There are 2 protein chains.
Amino acid sequence: MSEIEIFKVLSDPTRRAILERLSAGEATATDLREGFAITQPAMSQHLAVLRGAGLVSERREGRYAHYRVDPEGFAPLHAWLARYRAFWPSRIDNLKDLLREMDQ
Amino acid sequence: MSEIEIFKVLSDPTRRAILERLSAGEATATDLREGFAITQPAMSQHLAVLRGAGLVSERREGRYAHYRVDPEGFAPLHAWLARYRAFWPSRIDNLKDLLREMDQ
DNA sequence: GTTACACATAAGCACATACTTATGAGTCGT
DNA sequence: ACGACTCATAAGTATGTGCTTATGTGTAAC
């Protein structure tokens, strides 16, 4: 999936909220509906879009569809952002701190 | 500017192309129109959106408006992406390499 | 087999958004 | 002062997008 589409996919607040929910762990489509005031088809459509963008992967188990974040899908976004981080001196230290934390 | 709006702003391919053009250096609104098949008001509107998102800053000089990338504006996007980089082990090393290069 | 369930797809609708042309506001050159 | 210019704003329009209800497909329980 190219960076061309990923921004459009992420521009929807509901889809970002779904990703945030999935960042806490795998969940089924009905699990995800909790806390969202949307119908089942709406959730299904959002998940299809996220899946199409490669941001989410699906694991089928009987009649349940388990969704989880696919970290690889964020690569285009990361690559795009890196272009502008090149002249981003004031934030580099924060980024270093972040990496230092992750090493521990 | 919150992350809530930044994705919507970046979801437009023309605006991303404008940013890419500006990453090569400052430019006026008319300079930017070269290579884009859009009218002057369309460009002006895009620049207003980018400015509103804090991704671009404006320097007024007579009747010319010089635009440049504002690196600070990318902070919300970076912060958002960091959440998903947390479980993104395969890419961390690349990021470290990037920082190492920038130190030199 | 039949019913209930989990999810996907189809069709239609309401709103958002990016475009256009027309015009306004301010600046420079003569 | 006037005309040419750079850019911003207004108003209208066409397309895109996210939602709904209705229906289809497949699975589990009885």
Side-chain angles (χ1 to χ4, degrees), chain A residues 1-22 25-70 73 77, chain B residues 1-22 25-70 73 77:
Chain A
M1 179 74 25
S2 63
E3 82 190 24
I4 299 173
E5 309 186 38
I6 198 169
F7 281 107
K8 203 182 299 178
V9 171
L10 291 173
S11 68
D12 183 78
T14 302
R15 284 195 285 267
R16 288 199 307 277
I18 290 170
L19 282 174
E20 187 172 338
R21 167 73 181 77
L22 286 178
E26 201 181 64
T28 67
T30 31
D31 288 344
L32 288 168
R33 282 192 60 201
E34 286 190 47
F36 292 95
I38 58 174
T39 59
Q40 176 268 319
M43 176 59 73
S44 184
Q45 286 160 15
H46 280 306
L47 289 170
V49 172
L50 288 168
R51 191 160 20 103
L55 294 167
V56 147
S57 67
E58 184 195 22
R59 180 173 62 85
R60 225 43 194 277
E61 194 173 335
R63 54 183 162 174
Y64 293 91
H66 298 261
Y67 286 93
R68 70 172 64 186
V69 172
D70 183 357
L77 183 57
Chain B
M1 178 75 25
S2 65
E3 82 189 23
I4 299 175
E5 309 186 37
I6 199 169
F7 281 107
K8 203 182 298 176
V9 171
L10 292 173
S11 68
D12 183 79
T14 302
R15 282 195 286 267
R16 286 199 307 277
I18 292 170
L19 282 174
E20 186 172 338
R21 167 73 182 75
L22 286 178
E26 201 180 63
T28 66
T30 31
D31 290 343
L32 287 168
R33 281 192 60 199
E34 285 191 47
F36 293 94
I38 58 175
T39 58
Q40 175 268 320
M43 176 59 73
S44 183
Q45 285 160 17
H46 280 308
L47 289 170
V49 171
L50 287 168
R51 191 159 19 103
L55 293 167
V56 148
S57 67
E58 185 195 24
R59 180 174 62 86
R60 224 44 193 277
E61 194 173 336
R63 54 183 161 176
Y64 293 91
H66 298 261
Y67 286 91
R68 69 173 64 185
V69 172
D70 183 357
L77 182 57

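Model, not experiment: these values are computed from the prediction. To find a chain, count down the sequence lines: A is the first, B the second, and so on, and within it residues start at 1.
Within residues 31-38 of chain B, no residue approaches DNA chain D, by heavy-atom distance under 4.0 Å.
Taking B:Glu26 as the reference, B:Arg59, B:His66, B:Arg68 meet the side chain to side chain contact (heavy atoms under 4.5 Å, CB included) condition, with sequence neighbours excluded. With sequence neighbours left out, B:Val49 forms a side chain to side chain contact (heavy atoms under 4.5 Å, CB included) with B:Val9, B:Arg15. Listed by chain and number, the residues in a salt bridge (charged side-chain N to carboxylate O under 4.0 Å, His left out) with A:Arg63 amount to none (sequence neighbours excluded).
Along DNA chain C, read 5' to 3', the first and last nucleotides having any atom under 4.0 Å from a heavy atom of chain B are C:dT17 to C:dC28.
Side-chain contact between B:Asp12 and A:Phe7: absent, with no pair of heavy atoms (C-beta onward) separated by less than 4.5 Å. By the 4.5 Å heavy-atom criterion applied to side chains, B:Leu10 and A:Leu10 are not counted as neighbours.
Summary of the strand contacts: B:Ser44 and A:Val49 both lie near DNA chain D, and taking for each the nucleotide with the nearest heavy atom, the more 5' one is attributed to B:Ser44.
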Fill in the blank from the handout: Letter by letter from the 5' end, nucleotides 12-17 of chain D scores (B base, S sugar-phosphate only, - none; protein heavy atoms under 4.0 Å) -----S
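Checked by atom type and distance alone, the side chain of B:Arg51 never pairs as donor or acceptor with a backbone atom of B:Val56 at under 3.5 Å.
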I'd like a table of atom pairs between the protein and nucleotides 21-29 of chain D - only N or O on both sides, under 3.5 Å - with the distance next to each one.
none

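What you find for B:Ala27 and B:Arg21 is that their closest heavy atoms are CB-NH2, 3.8 Å. For B:Ala65 against B:Glu58, the heavy-atom pair with the smallest separation is CB-OE2, 3.7 Å.
Protein atom NE2 of B:His66 is 12 Å distant from nucleotide atom C1' of D:dC7, rounded to whole Å.
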If you look only at distance, which donor and acceptor atoms sit under 3.5 Å apart when one is on a side chain in residues 31-42 of chain B and the other is two or more places apart or in another chain?
from	atom 1	to	atom 2	distance (Å)
B:Asp31	OD1	B:Thr28	OG1	3.4
B:Asp31	OD2	B:Thr28	N	3.3
B:Asp31	OD2	B:Thr28	OG1	3.0
B:Arg33	NE	B:Ile38	O	3.3
B:Arg33	NH2	B:Ile38	O	3.2

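Distance check: A:Ile6 CD1 to A:Leu50 CG gives 10.0 Å after rounding to the nearest 0.5 Å. The distance from the OG1 atom of B:Thr30 to the CE atom of B:Met43 is 9.5 Å, given to the nearest 0.5 Å. The CD atom of B:Gln45 lies 10.0 Å from the CG atom of B:Leu47; values are rounded to the nearest 0.5 Å.
Note on A:Thr30: only backbone sugar-phosphate atoms sit closer than 4.0 angstrom, heavy atoms only; bases stay farther off.
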